[in-house]
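No hydrogens, no waters, no symmetry mates; every other heavy atom, side chains included, goes into these values. Not measured: the values here are computed from a predicted model. Every number for a ligand or one of its atoms is a count from 1 in the order of the listing.
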Amino acid sequence: MKLKHSPIRFDILTLFPEAFGDYFRQSILGKAQERNAIAIHIWNIRDYTTDKHRTADDVPYGGGAGMVMKAEPVLAALQDVLKKTARIPRADKKIILLSPAPKEFSQERAIRYANHRQIILICGRYEGIDERVTKFIDEKLSIGRYVLSGGELAAMVVVDAVSRMIPAVLGNATSLAEESYAPAQSGPTLEYPQYTRPAVLNVSGKKLRVPAILLSGDHKKIAEWRQKHTKTLK
Ligand code: ADE
């Protein structure tokens with residue numbers, strides 16, 4: 001797939017910067033950064049607080065349980081990122097607030113995001129975030145119909161799925177085309193079952209065999225088998 005821009009720059013605004021290090025250093029995303037196919041920048045929202053206690057949350061107006069993320073540090077962080085990346089035109093940026101929201105992440109959305117040069121992900125926390133932040137974002141995005149403790153896991157999901165849309169990240173165009181959920185005329189599909197050695201797996205007194213056709217070396221038959229066992233969603 002040809003994308004308009006590569007590399008993609010991700011900027012993640014969070015109160016928990018330590019949450020990201022390990023995952024982003026691993027395997028595909030780690031290599032993608034080494035190859036400059038993507039760049040990931042993490043910003044600590046607490047660095048943008050101005051009081052002695054570095055307060056990033058406060059009680060909600062109108063009362064109620066829990067704390068609400070204050071708008072000022074989030075917006076100060078966002079403005080700083082925008083200033084530091086002013087060379088990237090606004091039209092090539094996508095500013096996303098991760099929170100429980102009606103808009104849900106999907107493979108189609110990952111493709112759309114991947115056509116931007118910069119993706120700014122704001123991680124909500126606690127019971128919510130001052131609604132006025134939404135005046136400065138392009139969209140609120142959820143990764144599924146469940147409530148997480150914060151947007152950090154969701155941001156990782158978005159970075160991962162969007163990065164996989166860049167051919168240089170996978171380093172192998174075929175694996176993208178064949179991947180489950182790869183965009184296809186027929187809509188998202190699920191990949192066929194895969195096996196690797198050993199051909200016979202002895203486990204708990206059972207012998208689990210790889211389908212014989214996959215061992216046959218008959219590429220035409222293998223392709224037919226895979227086609228037959230590929231599931232289409234919806
Ligand atoms: N924050 C809390 N729940 C979330 C979800 N489902 N998706 C994205 N961000 C969230």
Which atoms of ligand 1 are found less than 4.0 Å from any heavy atom of [X]?
X: Gly150; answer: 1 (N)
X: Leu141; answer: 8 (C)
X: Leu98; answer: 9 (N)
X: Val147; answer: 3 (N)

I need the contact type for Ala154 against ligand 1. Using non-hydrogen atoms and a strict under-4.0 Å cut-off, is it side chain, backbone, both or neither?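 Side chain only.
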
Considering only the protein, which heavy-atom contact is closest to [atom], and what is its distance?
atom: atom 9 (N) of ligand 1; result: Ser99 N, 3.2 Å
atom: atom 7 (N) of ligand 1; result: Ile143 N, 2.9 Å
atom: atom 6 (N) of ligand 1; result: Tyr146 O, 2.8 Å

Short N/O distance, under 3.5 Å, between Ser149 and ligand 1? no

What about Leu148: any of its N or O atoms under 3.5 Å from an N or O on ligand 1?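 Yes, there is a polar N/O contact under 3.5 Å.
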
At the 4.0 Å heavy-atom cut-off, does Gly124 count as touching ligand 1?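 Contact check Gly124 vs ligand 1: negative.
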
Of all the heavy-atom pairs spanning Pro89 and Arg117, show the shortest one and how long it is. CD-NH1, 3.6 Å

Taking all non-hydrogen atoms of both residues into account, name the closest pair between Thr55 and Pro73 and its distance. O-CG, 4.2 Å

Which value, rounded to the nearest 0.5 Å, describes the distance between Arg90 atom CZ and Leu82 atom CG?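 Result: 7.0 Å between the selected atoms.
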
CG on Leu170 to CD1 on Ile28, rounded to 0.5 Å: 5.5 Å

Under a 3.5 Å cutoff, is there a donor and acceptor pairing between the side chains of [X] and [Y]?
X: Asp80; Y: Trp43; result: no
X: Thr14; Y: Glu152; result: yes
X: Gln118; Y: Asp92; result: no
X: Thr49; Y: Lys70; result: no

